Amino acid sequence: MKTVAFHTLGCKVNQYDTQAMLEKFRAAGYEVVPFEAAADVYVINTCTVTGTGDKKSMQLTRRLRREHPESHIILAGCLAQRKGSELLETGARLIIGTQNRDKVVELLEQAIANGTGISAVNELNAATPFEELSITTQDEHTRATLKIQEGCNNHCTYCIIPSVRGPIRSRAISNIREETQRLVAAGYTELVLTGIHLSSYGRDLGDGSTLLDAIRAVHEVEGVQRIRLGSLEPTIATVEFSTALAAMPKVCPQFHLALQSGSNTVLARMARRYNMTMYMQAVDNLRAAFPMAAFTTDVLTCFPGETEEEYEETRQTIRGVGYAKIHVFPYSPREGTKAAVMPGQLSKAVKERRTRELIALGEETAAAYQAQWLGKISTVLIEEKIGALWHGYTPEYIPVTIADCPACIPGRIVTVRLTESSAEGMTGEIV
């Protein structure tokens with residue numbers, strides 16, 4: 001039996017795309033093996049959001065060529081889309097980008113038969129359809145990612161993603177419902193709805209569908225116990241949207257609300273489509289509907305020209321929102337974006353200092369958020385047992401460990417009292 005191994009860099013959308021390709025190979029008779037094992041085929045699903053993603057992708061490719069010279073390498077994903085046929089110089093057998101993943105096996109076998117490398121990277125434009133990939137399983141036993149949207153139209157000045165993922169494309173409601181049913185039948189109780197720009201779902205369909213319609217379609221499927229949303233733009237979190245979410249009890253009160261910067265002047269240079277008044281109104285709207293909601297976010301520090309005053313505005317915003325978790329990224333110039341040629345590029349030392357300080361601040365706000373839950377009762381979706389402890393997550397995505405739980409099995413939701421808090425999460429006792 002031929003063997004294939006996968007490695008995924010980047011976001012949950014990439015993870016979903018990898019799983020879809022994995023299932024294509026499995027259906028074609030390939031055995032899936034760990035990436036560190038010897039394999040006939042290696043698939044690297046690349047990322048190009050930052051320079052780090054580029055570097056890791058190329059380091060992996062070079063290592064595979066050196067250690068497994070007879071194996072076939074497939075480069076998929078965002079870096080592959082951006083570089084296209086240039087990457088054939090790496091010795092990769094197939095460059096597939098962010099389309100044609102459904103044909104990955106036949107394209108590989110065509111390249112092998114021809115004895116050449118193939119670039120199957122196509123231009124992405126308004127006529128490009130949503131690629132109807134599907135999955136039936138994932139590594140996690142209780143939670144599955146469901147991709148419902150692709151592409152972005154915003155063209156923020158720092159972001160390469162619109163050029164490698166193309167314009168917005170939305171998955172049909174009927175297909176969302178069908179995949180939800182398949183995942184529930186496979187035993188998944190929590191679904192994470194994801195996309196490149198989730199908030200824009202439906203705008204291209206022409207039938208008035210919105211993200212709320214997609215969420216409702218998943219909510220209506222019997223067997224779904226939790227629905228978790230991917231990253232949201234603050235502009236979508238109106239009173240009406242927040243109230244509608246609160247009327248769907250399966251929706252988890254954990255919202256990844258995109259921030260990037262807490263400074264209006266930096267947001268303007270980024271070409272973000274909101275200001276801090278709009279952002280804080282979105283937080284207030286969601287918090288009115290979900291009083292104990294957990295807010296998570298991404299922060300892009302050291303954008304070109306970011307002054308100490310603008311940086312401090314971001315710090316004040318982080319404190320004011322009280323995030324349960326933040327992901328901090330130092331700005332990385334991406335060739336082809338407007339920000340890459342802006343004046344005021346900051347030094348490595350400043351980037352390292354501000355990143356370090358923001359991470360520490362995020363740890364403080366996370367601890368303060370968890371402290372609000374001490375002594376309170378919540379539910380935990382059990383995921384696994386490690387040693388003597390059961391591990392799972394609350395609807396707010398607080399990690400919880402439980403020591404004595406005869407009723408615990410993966411996939412079951414149990415009721416606990418949260419008794420202790422640490423940097424790793426909280427401790428729960430069965431009620």
Side-chain angles (χ1 to χ4, degrees), residues 6-8 11-20 22-23 26 31-35 134-148 176-194 215 218-230 248-254 256 292 294 296 324-325 370 373 376-431:
F6 291 82
H7 186 88
T8 306
C11 62
K12 286 187 180 296
V13 175
N14 253 19
Q15 293 168 18
Y16 179 94
D17 295 340
T18 292
Q19 182 64 31
L22 182 155
E23 294 190 18
R26 188 172 279 154
E31 178 188 0
V32 180
V33 299
F35 193 74
S134 63
I135 66 172
T136 58
T137 185
Q138 282 187 325
D139 288 342
E140 294 184 80
H141 299 297
T142 58
R143 181 185 303 108
T145 299
L146 176 55
K147 179 181 172 183
I148 68 169
I176 292 173
R177 187 178 293 109
E178 289 169 6
E179 179 140 329
T180 299
Q181 291 167 341
R182 285 196 297 271
L183 291 170
V184 168
Y188 295 99
T189 51
E190 180 178 309
L191 300 184
V192 183
L193 305 192
T194 191
I215 298 169
V218 176
H219 195 274
E220 290 166 0
V221 175
E222 185 177 352
V224 174
Q225 297 188 54
R226 288 183 177 180
I227 300 170
R228 204 173 292 280
L229 303 179
M248 290 184 272
K250 297 178 184 178
V251 173
C252 291
Q254 179 243 325
H256 193 84
M292 291 292 286
T296 59
K325 187 176 182 64
Q370 284 185 188
W373 283 94
K376 288 186 168 62
I377 291 175
S378 185
T379 57
V380 174
L381 174 59
I382 299 298
E383 293 202 345
E384 61 181 344
K385 188 177 186 181
I386 302 175
L389 297 177
W390 288 95
H391 295 256
Y393 288 85
T394 71
E396 295 77 17
Y397 210 60
I398 299 172
V400 177
T401 56
I402 307 167
D404 184 15
C405 185
C408 284
I409 58 172
R412 177 171 291 174
I413 293 178
V414 297
T415 302
V416 303
R417 188 183 306 278
L418 298 169
T419 58
E420 295 180 32
S421 177
S422 70
E424 288 72 41
M426 300 191 75
T427 301
E429 295 178 352
I430 294 294
V431 174

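Counting begins at 1 with the first residue of the sequence. It should be emphasised that the depicted structure is a prediction, and the values quoted were computed from it without experimental measurement.
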Side-chain ion pair, Glu179 and Arg182, N-O less than 4.0 Å: yes
Donor-acceptor pair, distance only, cut-off 3.5 Å: does the side chain of His219 make one with the backbone of Val251? no
Atom CD of residue position Glu429 - does it have more than 12 heavy atoms of other residues, nucleotides or ligands inside 6.0 Å? no
Kindly indicate whether the side chain of Ile176, heavy atoms from C-beta on, has any atom under 4.5 Å from the side chain of Val218. yes
State which residue, out of Asn14, Val13, Ile135, fulfils the side-chain contact (heavy atoms from CB on, under 4.5 Å) condition with Lys147. Val13
Do the side chain of Thr419 and the main chain of Thr427 share a donor and acceptor less than 3.5 angstrom apart? yes
Test item: Lys12 side-chain N/O and Thr145 main-chain N/O as donor-acceptor pair under 3.5 Å: no
Check Gly223 against Val184 and note the closest heavy-atom contact, atom names and distance. CA-CG1, 3.8 Å
Nearest-0.5 Å distance that lies between atom CG in Leu418 and atom CH2 in Trp373: 7.0 Å
Search all heavy atoms of Trp390 against all heavy atoms of Ile382 and return the closest pair with its distance. CE3-CG2, 3.4 Å
What's the separation between atom CG in Leu191 and atom OG1 in Thr142, rounded to the nearest 0.5 Å? 10.5 Å
Which pair of heavy atoms, one from Thr379 and one from Pro395, lies closest together, and at what distance? O-CD, 3.3 Å
Short question: side chain of Glu190, backbone of Arg228 - any donor-acceptor pair under 3.5 Å? no
Backbone of Ser422 reached by a side-chain donor or acceptor of Gln370 within 3.5 Å: yes
For Val414 and Cys405, which heavy atoms make the closest approach, and how far apart are they? CG1-SG, 4.5 Å
dist Ile413:CD1 -> Gln225:CD (nearest 0.5 Å) comes out at 4.0 Å
Find the distance between OG1 (Thr401) and CD (Glu420) and round it off to the nearest 0.5 Å. 8.5 Å
Tell me, yes or no, whether the heavy-atom count around Lys325 atom NZ, taken from other residues, nucleotides or ligands under 6.0 Å, exceeds 12. no
Report yes if some heavy atom in the side chain of Glu384 is under 4.5 Å from a heavy atom in the side chain of Pro410; otherwise report no. no
Rounded to the nearest 0.5 Å, what's the gap from CE on Met426 to OG on Ser378? Could you check? 9.5 Å
Which heavy atom in Thr136 sits nearest to a heavy atom in Glu23, and how many Å separate them? N-OE2, 2.8 Å
Could you grab the distance from atom CG of Leu229 to atom CD1 of Ile215, nearest 0.5 Å is fine? 4.5 Å
Do Arg412 side-chain atoms and Ala407 backbone N/O form a donor-acceptor pair below 3.5 Å? yes
Ignoring hydrogens, what is the shortest heavy-atom contact between Thr137 and Leu183? Give both atom names and the distance. N-CD2, 4.4 Å
Donor-acceptor pair, distance only, cut-off 3.5 Å: does the side chain of Arg226 make one with the backbone of Val192? no
